[in-house]
Amino acid sequence: QVQPVESGGGLVQAGGSLRLSCTASGRTFSSNGMGWFRQAPGKEREFVAGIRWSGATTYYANSVKGRFTISRDNAKNTVYLQMNSLKPEDTAVYYCARARTNSDYYLSSSYDTWGQGTQVTVSS
């Protein structure tokens, strides 16, 4: 499988917004759910958001609920993560990944193809 490619990370002030994109090949993307995870220095990778193939069902970590929105455009093989009201604790490398079918979207073990990540830094 071809790795997904993340983009859109950067440096932003607290309270600001960023939109991450994750583009994958058709073979990687088609018929699969996708998810976003993040990993801060010295911490374990944690679930951020997930979305089923149809886009009709989404999942969020409690820490980002109401601030982040995951969406997808299947025609473009792209998943997005709109991040609003960013906080310094959102600083991390953000990873996009493909979910296996019939998966628990909250678990990293449910994903089998990962991107290289994009850095998000939120200054206070």
Side-chain angles (χ1 to χ4, degrees):
Q1 300 293 342
V2 176
Q3 279 185 317
V5 177
E6 302 95 337
S7 61
L11 174 64
V12 64
Q13 288 188 332
S17 298
L18 282 175
R19 189 177 80 157
L20 305 184
S21 298
C22 168
T23 301
S25 70
R27 290 183 61 188
T28 300
F29 194 83
S30 62
S31 302
N32 283 82
M34 300 291 290
W36 287 96
F37 282 73
R38 67 186 181 188
Q39 187 166 19
K43 295 187 177 181
E44 292 188 356
R45 189 172 297 188
E46 65 174 0
F47 171 78
V48 176
I51 187 167
R52 290 195 177 270
W53 179 81
S54 68
T57 304
T58 56
Y59 308 89
Y60 295 96
N62 288 335
S63 59
V64 306
K65 201 171 293 185
R67 300 188 298 122
F68 290 11
T69 302
I70 188 171
S71 62
R72 66 190 295 162
D73 184 340
N74 289 342
K76 295 182 179 179
N77 291 344
T78 301
V79 177
Y80 304 98
L81 185 67
Q82 177 66 44
M83 306 186 295
N84 298 329
S85 302
L86 283 161
K87 305 175 182 180
E89 52 263 44
D90 294 318
T91 295
V93 177
Y94 283 70
Y95 299 90
C96 169
R98 186 186 74 165
R100 297 187 182 93
T101 56
N102 301 318
S103 299
D104 181 337
Y105 280 72
Y106 295 91
L107 301 178
S108 61
S109 58
S110 295
Y111 298 80
D112 61 6
T113 307
W114 293 80
Q116 294 292 328
T118 184
Q119 176 71 47
V120 171
T121 303
V122 184
S123 64
S124 56

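Because only heavy atoms are used, hydrogens play no part in the values below, and waters and symmetry mates are left out as well, while side chains stay in.
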Mark yes or no for whether [X], through its side chain, and [Y], through its backbone, hold a donor-acceptor pair below 3.5 Å.
X: Arg72; Y: Gly55; answer: no
X: Thr91; Y: Val122; answer: yes
X: Asn84; Y: Ser17; answer: no
X: Glu6; Y: Gly117; answer: yes
X: Arg100; Y: Ser109; answer: yes
X: Ser110; Y: Asp104; answer: yes

In Å and rounded to the nearest 0.5 Å, what is the CG to OG1 distance from Leu18 to Thr118?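 The distance works out to 9.0 Å.
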
Would you compute the distance between atom CZ of Arg52 and atom OG of Ser31 and round it to the nearest 0.5 angstrom?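 The CZ atom of Arg52 sits 13.0 Å away from the OG atom of Ser31.
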
Step-by-step side chain to side chain contact (heavy atoms under 4.5 Å, CB included) determination, Leu81 to Arg38: CA-CA 12 Å; Leu81 185 67; Arg38 67 186 181 188; over 6 Å; no

Any side-chain heavy atom of [X] sitting closer than 4.5 Å to one from [Y]?
X: Ile70; Y: Met34; result: no
X: Tyr105; Y: Thr58; result: no
X: Arg98; Y: Asp112; result: yes
X: Ser21; Y: Lys76; result: no

Between Phe37 and Tyr111, does the ring centroid distance fall short of 6.0 Å?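 That pair passes the under 6.0 Å test.
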
Phe68/Tyr60 aromatic ring centres below 6.0 Å: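 No, the ring centres sit 6.0 Å or more apart.
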
Decide whether [X] and [Y] are clustered together by the hydrophobic rule: side chain heavy atoms of Ile, Leu, Val, Met, Phe, Trp, Tyr closer than 4.5 Å, transitively.
X: Val120; Y: Trp36; answer: yes
X: Phe47; Y: Trp114; answer: yes
X: Met83; Y: Tyr95; answer: no
X: Val12; Y: Tyr94; answer: yes

Between Gln3 and Thr113, what is the shortest heavy-atom contact and its length?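 Heavy atoms of Gln3 and Thr113 come nearest at CA-CG2, 4.1 Å.
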
Could you please spell out the steps behind the side chain to side chain contact (heavy atoms under 4.5 Å, CB included) verdict for Ser108 and Gln39? CA-CA 12 Å; Ser108 61; Gln39 187 166 19; over 6 Å; no

